[in-house]
Amino acid sequence: MSESTSPRAKVEYVLFDMDGLMLDSERIYTIATNEVLGRYGKEMTWDIKAGCMGKPEREAGVHTLSFFPDIPIGVDEFLVERNLVQDRLWPTVPLMPGIRRLVHHLKQHDIPMAVATSSRRRNFELKTAHLRDVFGCFDGKIVCGDDQQYHMKGKPAPDIFLVTAATFLGRNVGSPDETPSEQQIKERSKGLIFEDAVSGMQAGKRAGMSVIWVPDPNLLKLNHSVTEIADCVISSLEHFLPEQWGLPPYGG
């Protein structure tokens, strides 16, 4: 997959998903989930995993266990056991290819940016504590899935992207529960979202923003019955060309 060479509308602000997009954390989710399921002779396949990606923790846990009704544990116990494994592994999670260069580039050119992740805030801290050279560039402009003060619905609802743009970047994008004005629609169109999950791509498009989808190759092998279409699909952030979106080029 490669970036389109057609000119794009100028981008004024950028929003990042985190898991699977900035961090290679989806691999750890898989390891931890299968360590727990393996105790009962079960395994999470990619078609099951695809339905979890981008969703809040509990919703993803309910989805996973729905495929294994014979397992004698509830979602709360499952999450506790899985999180014990994850907590041990989070300090080792690496960045995805191309993300350090892109974040530093946007920071250097004063492009407004923020992170909008479905991850719980405690997990965000565990995952990113050893990667402050990248996440410090956001100056605390982070919205997490369990930030209850925003009363957000989870992806594929557009809430988290609209809340992040309005709260931390000062963009007049309106509220998720209100019909946007013409000015708010225009303001939304100036945003660019990077996502790896199908539900996140849907959320970005429902927010009225441009979406670059960077899916795992295993995700592309599955059939997705969604109406939303990403503005661009690339196999890695290493292939992203900022100038095609009205952003300063690398080296510029």
Test side chain to side chain contact (heavy atoms under 4.5 Å, CB included) on Leu21 and Glu195; report intermediate values, then the result. CA-CA 6 Å; Leu21 187 283; Glu195 261 286 355; 5.7 Å; no
Determine whether Arg122 and Asp87 satisfy the following criterion, side chain to side chain contact (heavy atoms under 4.5 Å, CB included), listing intermediate values before the conclusion. CA-CA 10 Å; Arg122 73 169 293 275; Asp87 287 354; 2.9 Å; yes
Derivation and outcome, side chain to side chain contact (heavy atoms under 4.5 Å, CB included), residues Glu77 and Leu65: CA-CA 11 Å; Glu77 183 180 353; Leu65 290 186; over 6 Å; no
Check against side chain to side chain contact (heavy atoms under 4.5 Å, CB included), His104 and Gln108: CA-CA 6 Å; His104 285 181; Gln108 177 186 352; over 6 Å; no
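Here CD1 of Ile212 is found 4.5 Å from CG of Leu192. Values are rounded to the nearest 0.5 Å. Rounded to the nearest 0.5 angstrom, Thr128 OG1 and Asp133 CG are separated by 11.0 Å. Atoms CD and CD1, from Glu12 and Ile111 in turn, are 9.0 Å apart once rounded to the nearest 0.5 Å. With rounding to the nearest 0.5 Å, the separation of CG in Leu247 from CG in Leu241 is 11.0 Å. Taking OG of Ser175 as the start and OH of Tyr150 as the end, the distance is 14.0 Å to the nearest 0.5 Å. Atom CD in Gln184 sits 7.5 Å away from atom CD in Glu178 (nearest 0.5 Å).
Asp196 places no side-chain N or O within 3.5 Å of a backbone atom of Asp216 that could act as its donor or acceptor partner. When atom types are taken as modelled, the side chain of Lys155 and the backbone of Ile160 share no donor-acceptor pair closer than 3.5 angstrom. In this structure, Asn34 contributes its side chain and Met44 its backbone to a donor-acceptor pair below 3.5 Å. Distance alone, capped at 3.5 Å, places no donor-acceptor pair between the Thr33 side chain and the Thr30 backbone. Counting only distance, with no hydrogens or angles, the side chain of Asn83 and the backbone of Val80 share no donor-acceptor pair below 3.5 Å. In this structure, Asp146 contributes its side chain and Arg120 its backbone to no donor-acceptor pair below 3.5 Å. Panel note: side chain Lys141, backbone Phe168; no donor-acceptor pair is recorded below 3.5 Å. Of the possible donor and acceptor atoms, none in the side chain of His239 sits under 3.5 Å from a partner among the backbone N and O of Gly98. No donor-acceptor pair under 3.5 Å is formed between the side chain of His109 and the backbone N or O of Pro249.
Looking only at side-chain heavy atoms (C-beta outward), Val93 and His130 come within less than 4.5 Å of each other. A 4.5 Å side-chain heavy-atom check between Glu125 and Ile142 finds every atom pair outside the cut-off. Looking at heavy atoms from C-beta onward, Tyr250 lies in side-chain contact with Leu102 at the 4.5 angstrom threshold. Side-chain atoms of Cys137 and Met113, non-hydrogen and from C-beta on, do get closer than 4.5 Å to each other. For the pair Lys205/Ile193, no side-chain contact is recorded, criterion being any heavy-atom separation below 4.5 Å from C-beta on. Proximity of Arg82 to Thr64: side-chain heavy atoms (C-beta onward) are nowhere separated by under 4.5 Å. Looking only at side-chain heavy atoms (C-beta outward), Thr117 and Met22 stay at 4.5 Å or farther from each other. Under the 4.5 Å side-chain criterion, counting only non-hydrogen atoms from C-beta, Val198 is in contact with Trp213.
No option in Phe240, Phe161, Phe135, Phe138 other than Phe138 meets the ring-ring contact (aromatic ring centres under 6.0 Å, His included) test with Phe16.
Following chains of ILVMFWY side-chain contacts shorter than 4.5 Å, one cannot reach Tyr40 starting from Leu84, and the two form parts of different hydrophobic clusters. By the criterion of side-chain heavy atoms lying less than 4.5 angstrom apart, applied directly or through intervening Ile, Leu, Val, Met, Phe, Trp or Tyr residues, Phe67 is grouped together with Val75 in one hydrophobic cluster. In the hydrophobic clustering of ILVMFWY residues, with side-chain heavy atoms under 4.5 Å counting as a link, Leu89 and Phe78 come out apart. A single hydrophobic cluster is seen to contain both Val163 and Met201, as judged by linkage of ILVMFWY side chains at heavy-atom distances under 4.5 Å, directly or through other members. In this structure, Val36 is not a member of the same hydrophobic cluster as Trp90, with clusters built from ILVMFWY side-chain heavy atoms closer than 4.5 Å.
Environment of CD1 in Ile185: crowded, with over 12 heavy atoms of neighbouring residues, nucleotides or ligands closer than 6.0 Å. A 6.0 Å sphere centred on CD of Gln148 holds no more than 12 heavy atoms belonging to other residues, nucleotides or ligands. Atom NZ of Lys153 has more than 12 heavy atoms from other residues, nucleotides or ligands within 6.0 Å. Around the CD atom of Glu243, the shell of radius 6.0 Å holds more than 12 heavy atoms that belong to other residues, nucleotides or ligands.
Considering all non-hydrogen atoms of both residues, Met96 and Ile99 come closest at O-CG2, 3.1 Å. Heavy atoms only, all atoms of each residue included: His63 and Ile48 are closest at NE2-O, 3.2 Å. Leu162 and Ala207 make their closest contact through CD2-O, 3.8 Å (heavy atoms, listed as atom of the first residue, atom of the second, distance). Heavy-atom minimum distance, Cys52 versus Ala60: SG-O, 3.6 Å. Across every non-hydrogen atom of Pro248 and His105, the tightest pair is O-NE2, 2.6 Å. Between Ala165 and Leu15, the closest heavy-atom pair is CB-CD1, 4.4 Å.
For Lys127 and Ser25, the side-chain atoms include no donor-acceptor pair closer than 3.5 Å.
For an aromatic pair to be called close, the ring centres must be under 6.0 Å apart, and Trp245 with Tyr13 fails this.
Using a 4.0 Å cut-off between charged nitrogen and carboxylate oxygen, Lys190 and Glu187 count as a salt-bridge pair.
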